[in-house]
Amino acid sequence: MTLSCEHISYTALAEQFGTPLYVYSQSAIDEAFARYQTAFAALNPLICYAVKANGNLSVLRRFARLGSGFDIVSGGELARVLAAGGDAGKTIFSGVGKTEAEIEYALTAGVKCFNVESLPELERINRVAGRLNRTAPVSLRINPDVDAQTHPYISTGLKANKFGIAVQDAPAAYARAAALPHLRVTGIDCHIGSQLLDSAPLTEAAERLLVLVDNLAAQGIVPEHIDLGGGIGIPYRADETAPDLSAYAADIAKLLAGRPLSLILEPGRSLIGNAGVLLTRVEFVKHNGDKNFVIVDAAMNDLMRPTLYQAYHHIEPAETPSVAPFEADIVGPVCETGDFLAQGRSIAAQAGDLLVVHGAGAYAASMASNYNTRPRAAEVLVSGSEAKLVRARETVAGMLAAEQACL
Ligand code: LLP
């Protein structure tokens with residue numbers, strides 16, 4: 001058994017590019033995007049890929065070529081979209097803390113819409129737009145108070161979360177937006193959380209937004225689009241199943257029937273999560289009392305999800321192992337007890353073996369850090385029998401370049 005990405009074995013990729021290594025499959029990206037387009041075809045949505053999931057320029061360029069728009073949360077992400085050839089006119093600017101400089105940059109670039117999360121942000125966008133002699137298109141992010149039933153750190157649509165404007169405050173916020181001279185109200189949006197394995201809370205959030213749309217009509221406010229955020233989960237474990245995208249789309253189509261509202265979606269994870277893996281090599285197998293540790297060359301700085309969200313990533317050898325499976329924690333070299341990729345896992349591995357960490361296309365490289373002065377890993381995009389280095393491995397010299405020993 002030899003595991004491969006498209007037509008190239010992981011072993012060959014690791015030999016050519018070294019480890020740790022993020023590997024992405026272009027055809028898996030294309031297929032994931034096509035699944036959304038097919039499921040939602042009747043609604044002709046604008047799919048705005050959430051850049052935070054994986055902002056590699058080649059990944060963004062691929063989405064741009066597929067016709068995708070983008071969901072961004074910083075000026076930095078906008079710069080990525082533009083550098084990758086993405087269309088600012090199909091880009092939505094989300095996030096609770098947009099700075100004046102970021103708003104100015106986005107207005108000048110001509111983004112499609114600002115998803116606004118508070119009254120002070122409305123005032124700020126109006127002020128910047130006035131200064132630039134422009135009109136800013138805005139949508140209000142509504143917090144529908146729906147439980148996404150996901151990990152608390154990635155649940156965003158509850159009253160207790162910092163995100164969005166409470167439903168009961170929305171009519172007044174919309175009235176204020178309509179009254180501000182440099183804003184044009186174009187939409188309504190929400191995002192209730194990530195990694196949802198049941199689409200019912202997403203549909204419920206949409207229902208709550210539509211009640212609000214009906215109430216807003218009485219104020220003479222008519223949004224042109226509804227943006228339902230991201231949030232469809234992916235299977236990380238063998239026993240998990242993703243929500244049925246077509247069923248979710250059909251539920252939304254039923255809710256939107258007869259309404260002059262166009263649809264925007266902001267998926268991230270479900271477009272790239274299972275299109276990527278992290279390759280890592282076993283350095284040592286260590287036995288400590290009755291515990292076993294497989295010490296690999298990837299660490300929490302390369303994949304934060306296990307320690308941050310107790311997330312499960314399936315891990316298996318890239319080639320048929322020559323030892324029997326045993327139970328172990330799969331850990332990195334970082335000096336933290338929280339530095340693990342998996343705990344209590346059955347794994348067959350010995351020093352020198354290559355392991356494949358699945359589900360590492362989303363929120364892996366994009367959340368990586370230099371903790372323990374570890375250079376961030378290289379990224380490779382595979383298409384058929386071709387592998388392109390799309391991000392070079394960082395060097396220690398590069399990491400030190402911005403610093404000065406000045407005392
Ligand atoms: N739109 C907004 C406004 C968001 O905040 C997010 C994700 C998305 C779209 C994309 O959601 P997705 O389709 O990927 O579920 N680091 C965490 C996930 C954080 C998600 C934050 N917001 C993780 O590794 O699970």
Side-chain angles (χ1 to χ4, degrees), residues 22 29 32-33 35-36 40 45-55 59 63 68-74 77 91-98 111-117 121 139-144 148-158 161-165 187-199 201-202 205 209 226-236 240 242-243 245 248 264-276 278 300 302-313 341 357-369:
Y22 303 100
I29 291 173
F33 193 78
R35 271 198 293 278
Y36 267 89
F40 284 91
L46 175 61
I47 300 169
C48 291
Y49 167 68
V51 173
K52 65 169 79 70
N54 185 327
V59 168
F63 281 116
S68 186
F70 297 94
D71 170 62
I72 57 163
V73 290
S74 69
E77 287 192 350
T91 298
I92 301 283
F93 195 171
S94 302
V96 288
K98 303 173 191 76
V111 297
K112 180 174 172 64
C113 189
F114 291 87
N115 284 353
V116 178
E117 303 226 9
E121 187 191 334
S139 162
L140 295 194
R141 175 169 175 178
I142 305 304
N143 184 329
Q149 285 149 20
T150 182
H151 190 278
Y153 287 6
I154 51 176
S155 179
T156 50
L158 282 171
N161 301 134
K162 71 178 174 182
F163 297 100
I165 295 168
I188 184 164
D189 66 280
C190 68
H191 171 75
I192 61 166
S194 198
Q195 185 52 13
L196 275 75
L197 287 176
D198 174 7
S199 64
L202 293 168
L209 257 55
I226 183 167
D227 172 351
L228 298 178
I232 287 281
I234 60 171
Y236 284 102
E240 281 176 338
L245 206 51
Y248 171 48
I264 297 179
L265 299 167
E266 304 168 357
R269 189 194 313 268
S270 46
L271 290 179
I272 185 92
N274 277 337
L278 173 63
M300 63 189 287
D302 303 299
L303 184 65
M304 285 269 280
R305 304 194 68 258
T307 193
L308 194 55
Y309 315 115
Q310 295 76 49
Y312 179 99
H313 286 262
L341 302 182
V357 184
H358 290 275
Y363 305 113
S366 65
M367 294 175 73
S369 79

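For ligands, and for the atoms within them, numbers begin at 1 and follow the listed sequence. Values below: every heavy atom of this structure, side chains too, minus hydrogens, waters and symmetry copies.
Summarising the geometry, atom CD1 belonging to Ile232 is positioned 9.0 Å from atom CG belonging to Leu265; distances are rounded to the nearest 0.5 Å. Interatomic distance, Met367 CE to Arg305 CZ, rounded to the nearest 0.5 Å: 7.5 Å. In this structure, Tyr49 OH and Asp71 CG are separated by 10.5 Å, a value rounded to the nearest 0.5 Å. Atoms OG1 and CG, on Thr91 and Leu46 in that order, are 8.5 Å from each other to the nearest 0.5 Å. Once rounded to the nearest 0.5 Å, the distance linking CZ of Phe163 with CG of Asn115 reads 12.5 Å.
Of all protein heavy atoms, the one lying nearest to atom 15 (O) of ligand 1 is Ser194 OG, 2.4 Å. For atom 19 (C) of ligand 1, the closest non-hydrogen atom of the protein is Ile154 CG2, 3.6 Å. Among all protein heavy atoms, the one lying closest to atom 16 (N) of ligand 1 is Tyr309 OH, 2.7 Å.
Ring geometry for Phe40 against Tyr248 counts as perpendicular: the plane angle is over 60°, on a 0 to 90° scale with 30° as the lower cut.
Under a 4.0 angstrom heavy-atom cut-off, Lys52 registers as being in contact with ligand 1. Residue contact check for ligand 1: Pro267 places a non-hydrogen atom closer than 4.0 Å to it.
Not a single N or O atom of Arg141, backbone or side chain, sits closer than 3.5 Å to an N or O atom of ligand 1. Distances between N or O atoms of Tyr363 and those of ligand 1 include at least one value under 3.5 Å. Checked against a 3.5 angstrom limit, the closest N/O atoms of Gly231 and ligand 1 fall inside it. Between Ala50 and ligand 1, a contact under 3.5 Å exists for no N or O pair.
Among Arg305, Glu266, Gln195, Met367, the residue whose heavy atom lies closest to atom 24 (O) of ligand 1 is Arg305. Counting heavy atoms only, His191 comes closest to atom 11 (O) of ligand 1 of the residues Met304, His191, Glu117, Arg269.
Side chains of Leu202 and Leu228 form no contact here, defined as non-hydrogen atoms less than 4.5 Å apart.
At a threshold of 4.0 Å, the pair Glu77-Lys52 does not count as salt-bridged, since none of the basic side-chain nitrogens sits closer than that to a carboxylate oxygen.
Set against the non-hydrogen atoms of Gly268, the atoms of ligand 1 under 4.0 Å away are 12 (P), 13 (O), 14 (O).
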